[in-house]
Amino acid sequence: MTRLRFGAFIAPHFPSNEHPSLAMEEDMDRVVLMERLGFDEAWIGEHHSSGWEINGSPELFAAAVSQRTSRIKLGMGVVSLPYHNPFMVADRIRQLDHITKGRTILGMGPGSLPSDAYMIGVPTSEARDRMEEAIEPIVRLLNGEVVSARTSWFHLQEAQLQLDSYNEGGVKSRSPARFRRQAR
């Protein structure tokens, strides 16, 4: 018999009159409780402008709560790709993979709040296209490939992550050609 698996999205909805630190602490306590109750996954969102969805970095939240938990997987629900260079997303996720000891799940999306996009100058009409352009380079980077890619909003030039995934053993060996390229 297959065990039913459970997960939950932690929507960081808090009243504007509540202290943000207390709100974040409450969400971390919620994830700790979820782990004790046997949940398999907790998903953390990213928003920047609403004032009541106060989590600007699901990666930072996951890193913090990973130090209070040991088993529950921590999903980014989602990283809003049009707001971030794809190399930086892959690099942060790989570091988080090590911090969480392999419990990170990357969820990717276009962003949902037009006010987030507006504040950083991303036309909402381009958000989905930008997300789609970023997915392939991120996946390739996380698969250990060297990636060169150019779009209207990002440029990657022989980009390569410095760490393998947590489950593959950590730091890559540096080939002489790679070392020379970095030393320039």
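Predicted model only: the values in this text are computed from it and were never measured. In what follows, every heavy atom counts, from backbone to side chain, and hydrogens, waters and symmetry copies are set aside.
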- Rounded to the nearest 0.5 Å, how far does CE of Met119 lie from OH of Tyr83? 9.0 Å
- Item | Sequence-distant partners of Glu136, side-chain contact (heavy atoms from CB on, under 4.5 Å), two or more places apart | Arg140
- Between the CD1 atom in Ile10 and the CG atom in Leu74, the distance rounded to the nearest 0.5 Å is 10.0 Å
- Message: In this structure, would Leu161 and Met76 fall into the same cluster of hydrophobic residues linked by side-chain contacts under 4.5 Å?
- Response: yes
- Note on the structure: Contacts of Thr104 meeting side chain to side chain donor-acceptor pair (under 3.5 Å) (sequence neighbours excluded), chain-then-number -> Thr100
- Item | Side-chain cluster (under 4.5 Å, hydrophobic types only) that Phe14 belongs to, other residues | none
- Evaluate the side-chain proximity of Gln162 to Arg94: yes if any heavy-atom separation is below 4.5 Å, no if none is. no
- Message: Nearest 0.5 Å, please: how far is OG in Ser115 from CD1 in Ile120?
- Response: 10.5 Å
- Test side-chain contact (heavy atoms from CB on, under 4.5 Å) applied to Glu133 and Phe154, step by step: CA-CA 9 Å; Glu133 291 172 337; Phe154 72 83; 4.3 Å; yes
- Does a side chain donor of either His84 or Glu46 reach within less than 3.5 Å of an acceptor in the other side chain? yes
- Any donor-acceptor N or O pair under 3.5 Å, side chains Glu126, Trp153: no
- Query: Are Arg92 and Ser57 close enough that a side-chain donor and a side-chain acceptor fall under 3.5 Å?
  - Reply: no
- Item | Gap separating the NE2 atom of His47 from the CG atom of Leu113, nearest 0.5 angstrom | 5.0 Å
- Task: Evaluate the side-chain proximity of Asn143 to Val139: yes if any heavy-atom separation is below 4.5 Å, no if none is.
- Result: yes
- Task: Look up atom CD in Glu53 and atom CG in Asp116, then write down how far apart they are to the nearest 0.5 Å.
- Result: 8.5 Å
- Using atom types as modelled and distance alone, determine if a side-chain donor or acceptor of His155 lies under 3.5 Å from a backbone N or O of Ser148. no
